[in-house]
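Fair warning: this is a prediction, and the values are worked out from it, not measured in the lab.
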Amino acid sequence: MRKEQRQVLLQTGLFIATFISTTLAGVFWNSGKLALLQGCTWSEFVDGMEYSIPFLLILTVHELGHYFTARHYKIHTSLPYYIPFPPLLLPPIGTLGAVIRIRERVKSTIQQFDIGLAGPLAGFIVALFITAYGFATLPPADYVFRFHPEYEQYGLNYAEHVYSEEYMKEHEALDLQIGSNLLFEIFGYFVSDKQRIPNPHEMMHYPVLMAGFFALLFTALNLLPMGQLDGGHITYGLFGSKWHRIIATSFFTLVFFYSGLGMLSPLQDQNTLLTGIPLTIGFYYFCFRALSSDMQNRIMYALVLFAVQFILAWVLPQVKGYPGWFLFGFVVSRFIGIQHPGSEIEVPLDAKRIILGWIALLIFVLCVSPAPFIMSE
């Protein structure tokens, strides 16, 4: 079997596996069942496609935006490799995204910018329509009783009762709250019937909205102005090497600052602090290798960041960050990096590309969710 045939078989197999894993994730968003652990019927699997099809459509258009732009510049590029992820953990997404392989160096700033921009721009346009459709076709407010018949006794004011700490303790409920972003807020205000907008605690039962939410979240992550993420290419093209380094370093530090904000406080007990302080500083030191290879600099960065967080937690104890971003910061520090390699051919962007670059930064603002998921028992 030739190399090209093996590649096509691999890509096809990965797509099928990703379609299955995202559909099984969709089973959870429809029925609340982790299908790989609890099983599901064929009917439930088909219902799960209400999530997987729009989600994979957005991811595919995103990657094809990169692919066709690279081919436009006659750069040897593969079709997308999808990355399945078994939906065993909460929240189940079913995939880690998709990537294309660019098999030769992209030489000019213009080419890097265009290839980096095309993916998120194309994917965002599709996500825009799917999310708008999801908000425009919301079911009646009592739709939630299909999943929680026990809420019906409280009527449409169920939220005042069932999300209280007392109710959660009494029913030993796992509460998964889905975050929001500016685009969701805009569509919720202008597109949908206000009475039908789902409570954040029940968003999981609206698979089309969940597909849009995850696609927008993936878009925002790709648009972060670091390393060779799409946002890194765009920022490098817009501002050049020097300013990209400053912006990327600032965003990288901000990810860790926001992640650890309020996590440790002088008000906590001594045992928690004795364990938590060295572990947190050590984790920062480990990840900050992306900032500097000098050991003293990394120690200084880790200590300063932790000190600022610790003081703020004492002065403003009500201010909390989102520890979930630690994982993304770790992945960037160890696998992606924050600096962007220089281009062989440095060409300033024209006015059209500058406008599109700023539109991409606006898309990041519209898509990013400060706290995508909040889970409590």
Side-chain angles (χ1 to χ4, degrees), residues 8-65 67 79-99 119 122-140 143-148 176 178-179 181 183-184 187 191-192 196-198 200 202-219 367 372-373:
V8 170
L9 284 176
L10 174 61
Q11 290 171 311
T12 303
L14 287 173
F15 175 79
I16 293 171
T18 304
F19 176 74
I20 293 172
S21 63
T22 51
T23 302
L24 292 176
V27 171
F28 176 83
W29 301 123
N30 255 315
S31 65
K33 295 169 63 176
L34 285 172
L36 286 179
L37 298 176
Q38 299 169 279
C40 69
T41 65
W42 174 249
S43 175
E44 289 172 332
F45 184 81
V46 171
D47 288 342
M49 295 180 193
E50 191 178 358
Y51 163 80
S52 64
I53 290 176
F55 185 32
L56 288 181
L57 175 63
I58 298 168
L59 288 184
T60 300
V61 171
H62 178 118
E63 294 305 322
L64 290 180
Y67 173 80
L79 286 166
Y81 290 85
Y82 294 83
I83 308 172
F85 190 74
L88 293 170
L89 303 176
L90 294 178
I93 301 176
T95 180
L96 296 178
V99 295
F124 176 74
I125 292 171
V126 179
L128 202 64
F129 283 102
I130 287 175
T131 305
Y133 171 80
F135 273 101
T137 58
L138 287 172
Y143 165 78
V144 74
F145 299 149
R146 169 185 165 187
F147 307 96
H148 299 289
L176 174 59
I178 306 300
N181 52 53
L183 194 64
F184 264 47
F187 279 148
V191 176
S192 66
R196 298 187 176 200
I197 296 177
E202 306 301 336
M203 182 76 77
M204 68 181 69
H205 302 305
Y206 297 75
V208 175
L209 290 186
M210 290 305 306
F213 178 78
F214 283 128
L216 294 174
L217 180 62
F218 277 35
T219 299
C367 294
F373 321 106

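One finds the OG atom of S52 at 11.0 Å from the CG atom of D47 (value rounded to the nearest 0.5 Å). If you take CD1 on I83 and CG on L14, they are separated by 8.5 Å, rounding to the nearest 0.5 Å. Considering CE of M210 and CD1 of I178, their distance stands at 4.0 Å, rounded to 0.5 Å. Summarising the geometry, atom CD1 belonging to I58 is positioned 12.0 Å from atom CD1 belonging to I125; distances are rounded to the nearest 0.5 Å. Distance check, rounded to the nearest 0.5 Å: CG of L209 to CG of L138 gives 5.5 Å. Taken from CD1 in I130 to CG in L57, the straight-line distance is 5.0 Å, to the nearest 0.5 Å.
Side chain of E202 to main chain of V144: no donor-acceptor pair is present (N/O by atom type, distance under 3.5 Å, no hydrogens or angles).
Heavy atoms only, all atoms of each residue included: G123 and V61 are closest at N-CG1, 4.1 Å. Taking all atoms of both residues into account, the shortest heavy-atom contact from C367 to T219 is SG-CG2, 4.3 Å. The two residues A132 and V191 make their nearest non-hydrogen contact at O-CG1, 3.7 Å. Nearest heavy-atom pair, H205 versus N30, reported as atom, atom and distance to 0.1 Å: ND1-O, 4.4 Å. Of all non-hydrogen atoms in P54 and A211, the two that sit nearest each other are CG-CB, 3.9 Å. Here the closest non-hydrogen pair linking A25 and P92 is CB-O, 3.8 Å.
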What do the steps show when you test T22 against F85 for side-chain contact (heavy atoms from CB on, under 4.5 Å), and what is the final call? CA-CA 8 Å; T22 51; F85 190 74; over 6 Å; no

Stepwise side-chain contact (heavy atoms from CB on, under 4.5 Å) check, I93 with Y51: CA-CA 10 Å; I93 301 176; Y51 163 80; 3.7 Å; yes

Run the side-chain contact (heavy atoms from CB on, under 4.5 Å) test on L59 and L56 for me, step by step, so that the C-alpha distance in whole Å, both residues' side-chain angles and the decisive distance to 0.1 Å come before the verdict. CA-CA 5 Å; L59 288 184; L56 288 181; 4.3 Å; yes

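Centroid-to-centroid, the aromatic rings of F19 and Y82 stay 6.0 Å apart or farther. Here the two rings, on F214 and W29, have centers that are under 6.0 Å apart.
Contact of the S21 side chain with the P86 side chain is not registered, since no non-hydrogen atoms from C-beta on lie closer than 4.5 Å. Within the 4.5 Å cutoff, side-chain heavy atoms of L128 are placed close to those of L183.
Atom CZ of F129 is surrounded by 12 or fewer heavy atoms from other residues, nucleotides or ligands within 6.0 Å.
Ring geometry, F213 versus F373: the interplanar angle exceeds 60°, so the pair is classed perpendicular (tilted spans 30 to 60°).
For the side-chain hydrogen bond (donor to acceptor under 3.5 Å, both in side chains) test, no residue two or more places apart in sequence or in another chain qualifies with T131.
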